[in-house]
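These notes concern the structure reproduced below.
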Amino acid sequence: MFQNIGEILLLLWRTFCALPQSFRQRKMIFEQLFEIGNRSLLMACILSLFIGGVVALQSGPVLAERGIASALGGLVGISLAKELSPVMMAILIAGRIGSAMAAEIGSMRVYQEVDALRTMNINPIHYLVLPRITAICIAMPLLVIFSMLVGWMGGGFVAVANHRIALTFQTFFSNLHDVVQLKDVANGLIKSLAFAFVIGTVSCHQGLTTIGGPRGIGRSVTKAVVNSIVLILILDYYITRVMLAFDND
Amino acid sequence: MTDAAPHSIQVRISGLRKSYGEQLVLKGIDFSVERGEIFVVMGPSGSGKSVLLRHIIGLEEPDQGDILFDGRSILQSEVARQYRLAMVFQSGALLNYLTVGQNVGLYLQEHRLRKPEEIDRIVTEKLDLLGLKGVKDKLPGELSGGMNKRVAIARALVIDPQLVLYDEPTSELDPLMTITIGEEILNLKARIHVTSIVVTHDRELAFGVADRLAIMDDGQILFVGTPDEVRRSQHPFIRRFLNADFKAKAISDLS
Ligand SMILES: Nc1ncnc2c1ncn2[C@@H]1O[C@H](COP(=O)(O)OP(=O)(O)OP(=O)(O)O)[C@@H](O)[C@H]1O
Ligand SMILES: [Mg+2]
């Protein structure tokens, strides 16, 4: 997968260069945004609710034993905002949207539709890649905000309902409010934007380089998803390190 | 000639070679196509006809050799951009998520060449021309293979091309539609003097429209000539290829 990184970066660069064109493709961008919302909102909701819940469930009793259960709100708040929401949403979107992008562009490639575009002097990067990457970059941060809010709710429900934690909503959310700062949320959003670029570029690149008929499309889809997720997790580590360095200043 | 000039291209191919991996697909192709000529390429499946067309339209880069439009090499990318080229792909290659009308109008729409109402008018006109009334709002997936092919031809005509490449334009069409397409290829030449290169297996179409014919086999051009010259050719392969007939008797004898 790593020999492709140069090509992927090149595609990313070309897309950046094409950004001024994006207003011309606004219809396509809206279509893509609608697709993304449509395909992932429900899943995002369920996923976030349970992730928030399980974090509370795991750490709540441990804190409660030490008499600091009231710190649970902040813990759930921070872990979702800085880490879990961006990463989980990225994995979800890689699976649901990245795969679809690779499949769509891959089949266009295999059935010579991309070639047909070229013969009409329509640049596939402007026409196919740009709207998709733009849409995913708009959608991801929004989705992550949504995920944080839902995840916090999930954590709150568990904190109230679980008899070993037994907090009130009030204590949970006031602690969350005290601990989580705007910069933590921003932290998560910056991550999510980086992940969005990874998913968009890796999937579109994979689609555009599809060869070998229908089976090739299948291979491309798998590779797009797997490569995106691996890159996301690696990138997550390094972005976190960089951000921590800034925090310490 | 001067008033024809803006609407056609002279194409020259010299020493074109291309291999994919180990496989040498084009083994030195030389021919030229004059302005406004209909040049037909025939040859067995796998002989490299589609690959040849992909080179002419600029989708592939040759390993060796050159392709010249009006004497200028198109391997410099600016040259090819100055011409309006169109290709009808063997598979049609319509964009599946766009309607037929959007497909046909795509070129004008994306390059902002006409106002939307005008695009609509042109699209309807071209579709009517190819006998495709009332399909404008359908998706390509809802049409038959032959209809898809005709939509692809309509899409090519909308570009108002100076050179059209047809890759087996009639392979999925019934005999009547084949005649229509053949007539349209001839019409286009008469009306706007466009240069056409037609790849086909269809002997009727080939001899019906060709100004000159090339016979290709295994990455090489075996023969180039007028339809009469080709008919008279004594080359054994060409004789076999052109006279191939269903030997019903031989088969019934077997049983
Ligand atoms: N992108 C490619 N990579 C590898 N091999 C290729 C590629 N394109 C074509 N070939 C090979 O080149 C040869 C010629 O292919 P081409 O499609 O030009 O045949 P054709 O003459 O158009 O045949 P048909 O009449 O069946 O369409 C085939 O053997 C094919 O396998
Ligand atoms: Mg072919």
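Each chain gets a letter, A, B and so on, in the order the sequences are listed, and its residues count up from 1.
Within the 4.5 angstrom heavy-atom criterion, only side-chain atoms of B/L98, from C-beta onward, approach chain A. With a threshold of 4.5 angstrom between heavy atoms, A/M108 approaches chain B through side-chain atoms but not through N, CA, C or O. Of the two parts of B/I57, only the side chain, counted from C-beta on, holds a non-hydrogen atom closer than 4.5 Å to a non-hydrogen atom of chain A. Looking at B/L94, the atoms closer than 4.5 Å to chain A (heavy atoms on both sides) all sit in the backbone: N, CA, C or O.
With sequence neighbours excluded, no residue forms a side chain to side chain donor-acceptor pair (under 3.5 Å) with B/D128. Residues passing the side-chain contact (heavy atoms from CB on, under 4.5 Å) test with B/D174, sequence neighbours excluded: B/L176, B/M177. B/S19 is linked by a side chain to side chain donor-acceptor pair (under 3.5 Å) to B/D63, counting only residues two or more places apart in sequence or in another chain.
Comparing B/L85, B/I159, B/L106 by heavy-atom pairs within less than 4.5 Å of chain A, the highest count is held by B/L106.
Rounding to the nearest 0.5 angstrom, the gap separating the CE atom in A/M101 from the CD1 atom in A/I93 is 8.5 Å. One finds the CG atom of A/L193 at 5.5 Å from the CZ atom of A/F197 (value rounded to the nearest 0.5 Å). For the atom pair CG (B/L127) and CG (B/L157), the distance works out to 10.0 Å, reported to the nearest 0.5 Å. Taken from CD1 in A/I232 to CD1 in A/I229, the straight-line distance is 6.5 Å, to the nearest 0.5 Å.
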Between chain B and chain A, donor-acceptor distances below 3.5 angstrom:
from   : atom 1 : to     : atom 2 : distance (Å)
B/R54  : NH1    : A/D115 : OD2    : 2.7
B/R54  : NH2    : A/D115 : OD2    : 3.1
B/S91  : OG     : A/Q112 : OE1    : 3.2
B/N96  : ND2    : A/E113 : OE2    : 3.3
B/E110 : O      : A/R24  : NH2    : 2.4
B/E110 : OE1    : A/Q25  : NE2    : 3.4
B/H111 : NE2    : A/M120 : O      : 2.8
B/H111 : NE2    : A/N121 : O      : 3.4

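In summary, the side chains of B/D66 and B/S14 do not present any donor paired with an acceptor at a separation below 3.5 Å, with no hydrogens or angles considered.
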